[in-house]
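Shown next, in structure tokens, is the structure this report addresses.
Along the sequence shown, residues are numbered consecutively beginning with 1.
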Amino acid sequence: MGLRPKGAPGPEYLVSLSAARLEDAEGRIWVLLTEMLDVTEREKARARMRLLSSVREHVGRTLDVVATCEELVQAVVPDLADIAVVEVVDAVVRGEAPPPHSLGPEVPLRRAAFGHSSSTEQIHAHPLGDVRALPFSTPYAQTLAEPSRSAMGLFAGSCPSHRDITRAAASRTRTPY
């Protein structure tokens with residue numbers, strides 16, 4: 001069941017509600033016990049697991065890099081993201097091996113997939129298939145150029161949960177596709 005405190009803005013809480021009655025020896029109701037348990041985080045975790053399961057099931061069924069990028073976008077929009085953009089090293093789309101090192105600002109990326117959850121038409125800043133280098137001043141380009149830096153401080157802001165997520169992501173080995 002979803003609940004939101006009366007008049008309170010923000011997301012609703014998901015709760016599990018249980019009720020049981022206690023009776024005396026003659027069957028008269030003595031007391032009604034109720035328990036309300038906040039299960040919001042548990043349900044969010046279940047939703048993330050369903051999403052990951054869907055990604056495993058539907059993404060990467062082909063060796064076609066662009067098709068895999070499109071599958072990834074379809075798997076995450078709208079359940080995880082309102083908009084998803086996948087840009088891949090252009091050489092990889094052409095069948096070459098990815099660079100064995102960090103990507104410098106001169107490495108061209110191809111916009112391989114785009115998706116959005118809006119019912120209105122989205123205007124693309126860069127159309128699908130567009131090949132370009134990312135401007136080095138963007139957090140994306142800085143992360144590709146220096147993966148150990150990741151997006152730490154570039155997107156994270158002061159929110160501890162964002163910092164923790166970013167730090168965990170930065171500790172993993174990254175590939176450019």
Legend entry - Other residues, nucleotides, ligands: >12 heavy atoms within 6.0 Å of R21 CZ: no

Legend entry - Residue list, side chain to side chain donor-acceptor pair (under 3.5 Å) with H126, at least two apart or on another chain: D130, R132

Legend entry - Set of side-chain contact (heavy atoms from CB on, under 4.5 Å) partners for L22, sequence neighbours left out: W30, V31, L33

Legend entry - Residues forming a side-chain contact (heavy atoms from CB on, under 4.5 Å) with D64, sequence neighbours excluded: T62, V66, A67

Inset, instruction - Not counting sequence neighbours, which residues clear side chain to side chain donor-acceptor pair (under 3.5 Å) with R28? List them please. - result: D24, E26

Inset, instruction - Could I get the full list of salt bridge (Lys or Arg N to Asp or Glu O under 4.0 Å) partners for E106, not counting sequence neighbours? - result: none

Legend entry - Least distance between heavy atoms, P99 atom then V89 atom: CD-CG1, 4.0 Å

Inset, instruction - State which residues pass side-chain contact (heavy atoms from CB on, under 4.5 Å) with A75; sequence neighbours excluded, sorted by chain then number. - result: V55, V59

Legend entry - Minimum side-chain heavy-atom gap S102-L144 below 4.5 Å: no

Legend entry - Non-hydrogen atoms of S117 and V77 that approach each other most closely: N-CG1, 3.7 Å

Inset, instruction - Supply the members, apart from L14, of the Ile/Leu/Val/Met/Phe/Trp/Tyr cluster built from side-chain contacts under 4.5 Å; use none for a lone residue. - result: L37, V39

Inset, instruction - Not counting sequence neighbours, list each pair that qualifies as a side-chain hydrogen bond (donor to acceptor under 3.5 Å, both in side chains) and has a residue in residues 33-44. - result: D38-T40, E43-R46

Inset, instruction - Examine distances only and state if a side-chain atom of E87 and a backbone atom of R110 form a donor-acceptor pair shorter than 3.5 Å. - result: no

Inset, instruction - Give the other cluster members for L128, using side-chain heavy-atom distances under 4.5 Å between Ile, Leu, Val, Met, Phe, Trp and Tyr residues; answer none if it is isolated. - result: I83, V85, F114

Inset, instruction - Tell me, please, which residues at least two apart from S53 pass side chain to side chain donor-acceptor pair (under 3.5 Å). - result: none

Legend entry - Among R56, R50, H58, E57, the one residue meeting side chain to side chain contact (heavy atoms under 4.5 Å, CB included) with S54: H58

Legend entry - side chain to side chain donor-acceptor pair (under 3.5 Å) partners for R61, two or more places apart: none

Legend entry - Hydrophobic cluster partners of L32 (side-chain heavy atoms under 4.5 Å): none

Inset, instruction - Check A97 against V92 and note the closest heavy-atom contact, atom names and distance. - result: C-CG2, 4.4 Å

Inset, instruction - Answer yes or no: is there a side-chain heavy-atom contact under 4.5 Å between V73 and E70? - result: no

